[in-house]
Amino acid sequence: MAATLAVLLVAAAASMAVAAEGAPWFWPPAGDDPYCLSWRVMVEANNAKNWRTVPPPCVGYVWRYMAWGQYTRDVAGVTDQIAAYASQVPAGDDGLDAWVFDVDDTSLSNLFYYQAKQFGAYDPVAFKNWASKAICPGVPGMAQLFQTLKGRGFRVFILSGRDEQTLGSSTATNLVAAGFAGYDRLIMRRAEYRGVSSVVFKSAMRRQLVEEEGYRIRGNVGDQWSDLQGDFLGDRVFKVPNPMYFVP
């Protein structure tokens, strides 16, 4: 699925090149824009907080970053670091060494959805319609990493802030189609956690895995800092780049 996403990105970029004159907002500027590059660094360093949309001057820059190769290289750097770390902490024989993966833009890519909306403000109805189609491609390299961890004997739990009642079935279908077959459990937001922050919800789910079920979280992978904050984070956290949106 990573190869599929790369091909789709190239095809999309080629088609957009043809239409660039009529819709210049998505055509990437020449070279790196210093302001937008600095803004993206602030996002990844978690210095830019509570922003609702990509700054208008940076919409083309973010599309270029996501679709023209640098994002894929940056994700590859993350997966390489995870694989190297995991090779140094072998899973025990008791089956209790675990990893936690986020879904949106950690395992499954929503780039096409957000690009079509010009990286605008989050629209829960529109996003639910998109996610329910179960057509998100995999984030490049993440399914291979997932299978590597499974092959090394780790349990892998998929932890998502998506609503379980409305998106449970489509998310499970999409994960399998994107190469994540064989995960140990898909944990999603139930009714009692609607309206609470991602940090509170995910901390509670990790607490359950550790305190109630006895798992040792060896690694935690997410695209938002809110995936990687709070309690029971695990031994190490790994941030996947995402300049498209911010989840508190």
Side-chain angles (χ1 to χ4, degrees), residues 1-2 4-75 102-140 160-163 166-167 170-171 174 178 198 222-227 239-248:
M1 290 303 297
T4 300
L5 176 59
V7 171
L8 288 172
L9 290 176
V10 171
S15 66
M16 287 176 181
V18 175
E21 185 175 352
W25 65 266
F26 58 60
W27 185 244
D32 284 333
D33 180 287
Y35 166 75
C36 296
L37 177 58
S38 295
W39 174 81
R40 181 169 64 82
V41 171
M42 288 192 293
V43 167
E44 292 305 328
N46 203 28
N47 292 327
K49 295 179 181 291
N50 299 319
W51 51 278
R52 299 188 68 248
T53 65
V54 171
C58 299
V59 169
Y61 170 86
V62 169
W63 166 246
R64 179 172 179 261
Y65 168 74
M66 295 294 298
W68 287 62
Q70 188 59 53
Y71 168 74
T72 299
R73 289 189 289 272
D74 289 349
V75 174
D102 174 54
V103 171
D104 288 305
D105 298 294
T106 297
S107 303
L108 302 178
S109 172
N110 297 300
L111 172 59
F112 299 131
Y113 166 80
Y114 282 103
Q115 187 275 328
K117 294 182 70 64
Q118 302 184 40
F119 306 105
Y122 177 68
D123 181 338
V125 174
F127 183 79
K128 184 178 76 172
N129 290 338
W130 157 260
S132 65
K133 296 176 182 178
I135 58 172
C136 301
V139 170
S160 174
R162 289 185 178 190
D163 181 71
T166 56
L167 292 175
S170 59
T171 301
N174 203 159
S198 180
D223 68 293
Q224 299 291 316
W225 280 107
S226 55
D227 299 327
K239 172 74 165 62
V240 177
N242 183 359
M244 299 188 294
Y245 56 87
F246 177 89
V247 176

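Of all heavy-atom pairs spanning Pro57 and Cys36, the tightest one is O-SG, 3.8 Å. Taking all atoms of both residues into account, the shortest heavy-atom contact from Ser109 to Val139 is N-CG2, 3.8 Å. Counting all heavy atoms, side chain and backbone alike, Ser132 lies closest to Leu167 at N-CD2, 3.8 Å. Shown here for Val247 and Ser226, the closest heavy-atom pair between the two residues is O-OG, 2.8 Å.
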Side chain to side chain contact (heavy atoms under 4.5 Å, CB included) between Trp63 and Phe119, intermediate numbers included: CA-CA 9 Å; Trp63 166 246; Phe119 306 105; 4.2 Å; yes

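Proximity of Val240 to Val75: side-chain heavy atoms (C-beta onward) are separated by under 4.5 Å at one or more points. Contact of the Asp102 side chain with the Ser107 side chain is not registered, since no non-hydrogen atoms from C-beta on lie closer than 4.5 Å. Residues Asn242 and Tyr71 have side chains not in contact (no heavy-atom distance under 4.5 Å, counting atoms from C-beta outward).
Under the side-chain contact (heavy atoms from CB on, under 4.5 Å) criterion, Pro248 pairs with Asn50, Phe246, not counting sequence neighbours. Take Trp39 and apply the side chain to side chain donor-acceptor pair (under 3.5 Å) test, not counting sequence neighbours, and it matches no residue. Residues that satisfy the ring pair (Phe, Tyr, Trp, His ring centres under 6.0 Å) test with Trp225, not counting sequence neighbours, are absent from this structure. Scored by the side-chain contact (heavy atoms from CB on, under 4.5 Å) test, Thr53 finds Ala121 as partners (sequence neighbours excluded). Residues that satisfy the side chain to side chain donor-acceptor pair (under 3.5 Å) test with Arg162, not counting sequence neighbours, are Asp104, Thr171. Partners of Glu44 under the side chain to side chain donor-acceptor pair (under 3.5 Å) rule, at least two apart in sequence or in another chain, are Lys239.
In this structure, Phe127 and Tyr113 have perpendicular ring planes: the angle between them is above 60°, well past the 30° mark.
Here OG of Ser38 is found 11.5 Å from CG of Asn47. Values are rounded to the nearest 0.5 Å. In this structure, the separation between CH2 on Trp130 and CZ on Phe112 is 7.0 Å, given to the nearest 0.5 Å. The NZ atom of Lys117 lies 4.5 Å from the CG atom of Asp123; values are rounded to the nearest 0.5 Å. With rounding to the nearest 0.5 Å, the separation of CG in Leu108 from OG in Ser160 is 8.5 Å. Atoms CE and CE, on Met66 and Met244 in that order, are 4.0 Å from each other to the nearest 0.5 Å.
No donor-acceptor pair under 3.5 Å is formed between the side chain of Asn110 and the backbone N or O of Cys136. For Asp227 (side chain) and Asp223 (main-chain N/O), a donor-acceptor pair under 3.5 Å exists by modelled atom type.
For the pair Arg40 and Tyr65, the cation-pi test (distance below 6.0 Å, angle within 45°) is passed.
Separation of the Tyr114 and Tyr245 ring centroids falls under the 6.0 Å cut-off.
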